[in-house]
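Computed from a predicted structure; not experimentally measured. Both counts, for ligands and for their atoms, begin at 1 and track the order of listing. Computation of the quantities below employed the complete heavy-atom set of this structure, encompassing side-chain atoms and omitting hydrogens, waters and symmetry-equivalent molecules.
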Amino acid sequence: MSQSFLAHRIVTLKPSGIRKFFDIVATMKDVISLGIGEPDFDTPDPILQAGIRSLQRGETHYTSNSGILELRVELARHLEDLYQVTYDPVSEIIITVGVSEALYLAMTAILNPGEEVLIPTPCFVAYQAEVTLAGGVPVEIPSRVQDNFQPNLEALESAITLRTRAILIGYPNNPTGAIATRETLMEVLRMAQEHDLVVISDEIYDRLVYGVPHVCFASLPGAWERTLTLGGFSKDYAMTGWRIGYIAGPAETMSGLLRIHQYTIMSAPTPAQAAGLEALRTGEPYVRGMLAEYDRRRQRIVGGLNHLGLPTFEPHGAFYAFPDIRATGMDDELFAQKLLEEERVAVVPGSAFGAGGGGFVRCSYATTYEQIEEALQRIENFMRRYG
Ligand SMILES: Cc1ncc(COP(=O)(O)O)c(C=O)c1O
């Protein structure tokens, strides 16, 4: 049996609950998918053209391991302008193959075998797996809808042990759409300081916030020196397929991350880096345009779901609504399965995103307004039977 060649930590690594679901969706016709975790927009044209020009100029070679310096300089300026957080482009920023690679680097660099990482859940499906892959132990801290899905601070603090190495947070949050307030983040910082923990902050949805400011964790007083900031282009600039992102942190830590990146990746895709540079330079109007459209859809879907008897708290970030489906008497897996089979609407069961997600489903509004209208109509039919 081929499985005997696999390491123990890989044998026990569960496949993503999302994939399983999408394999079923792929076999069906006439499905409206609210399951997608990526922008429905194509990459804005100037960004696309910059990538094409890069290839035409013959930029088909490796770049510096850390990424092209011009991009790192622009990124440092961007973070300074937006969040007043300062990173040295030479020694404190690495351009990565998406936030996915940034997570891998962060975990591999900081974890000794058996060390624990506290993760407020529900969260992006890769967090727990990345910790496990790096030889660490993920410790899930369920968030609650009554706290607007902010991290549960009491539970977080009481989960800290001598083995705890880091806290991994991701706000605006996938799958809930929650943001974390400055006060909450200050408390997370206090705990990290008291117990000398690293904070890994995945801020990939930083620009997708609705009427509230995004708080960059590293910008909190005293946070910078113990924070790794992960960010990207995939969501804000509709660039998932380009595979580009970044990680920023104190030089000493970053030199360790760079060694891993050197040996595993070499450098992020070269044309994607040219496109990323263009995104930072001229992408702002496009970000605002997409944000306005997401907001219109957000209001429609949140209002619609609430109206249909599926209580949905107001998401202030990302592009997900996270309705509570418990009133139907079904669990989230069964709800998602029946909704797909009977009405051909795909949503993702909340339990796929870890503890605290059960009883909810993730509905992405990164799909057209018309599709959302149609999906709500179908959910209404469904709720007539099960509501
Ligand atoms: C919270 C979060 N972090 C990271 C990623 C991965 O992003 P990237 O495309 O930059 O690898 C995703 C993608 O869904 C995400 O939702």
Report task. Quick one: list whatever passes salt bridge (Lys or Arg N to Asp or Glu O under 4.0 Å) with Asp236, sequence neighbours left out. Result ->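 Asp236: no salt bridge (Lys or Arg N to Asp or Glu O under 4.0 Å) contacts found.
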Requested in this report: Could I get the full list of salt bridge (Lys or Arg N to Asp or Glu O under 4.0 Å) partners for Asp88, not counting sequence neighbours?
Outcome: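 Asp88 satisfies salt bridge (Lys or Arg N to Asp or Glu O under 4.0 Å) with no other residue.
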Present, as a list of atom pairs with distances to 0.1 Å, all nitrogen or oxygen contacts under 3.5 Å between ligand 1 and the protein.
| residue | atom | partner | partner atom | Å |
| --- | --- | --- | --- | --- |
| ligand 1 | 3 (N) | Asp202 | OD2 | 2.6 |
| ligand 1 | 9 (O) | Ser234 | OG | 2.7 |
| ligand 1 | 9 (O) | Arg243 | NH1 | 2.8 |
| ligand 1 | 10 (O) | Val99 | N | 2.7 |
| ligand 1 | 10 (O) | Ser234 | OG | 3.3 |
| ligand 1 | 11 (O) | Val99 | N | 3.2 |
| ligand 1 | 11 (O) | Ser100 | N | 3.0 |
| ligand 1 | 11 (O) | Ser100 | OG | 2.6 |
| ligand 1 | 11 (O) | Arg243 | NH2 | 2.8 |
| ligand 1 | 14 (O) | Lys235 | NZ | 2.5 |
| ligand 1 | 16 (O) | Asn174 | ND2 | 2.8 |
| ligand 1 | 16 (O) | Tyr205 | OH | 2.9 |

Query raised in the report: Cationic tip of Arg296 within the cone over Tyr369's six-membered ring, i.e. under 6.0 Å and within 45° of the normal?
Result: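 So Arg296 does make the cation-pi contact.
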Query raised in the report: Between the side chains of Glu203 and Thr229, is a donor N or O closer than 3.5 angstrom to an acceptor N or O?
Result: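 No, Thr229 and Glu203 have no side-chain donor paired with an acceptor closer than 3.5 Å.
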Report task. Could you list who else is in Phe313's hydrophobic cluster, with ILVMFWY side chains joined at under 4.5 Å, directly or through other members? Result ->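 Val145, Phe149, Phe322, Phe360, which link up through side-chain heavy atoms under 4.5 Å apart, make up the rest of the cluster.
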Query raised in the report: Between Tyr320 and Tyr205, what is the ring plane arrangement, given parallel below 30°, perpendicular above 60°, and tilted in between?
Result: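 Judged by the thresholds at 30° and 60°, the geometry between Tyr320 and Tyr205 is perpendicular.
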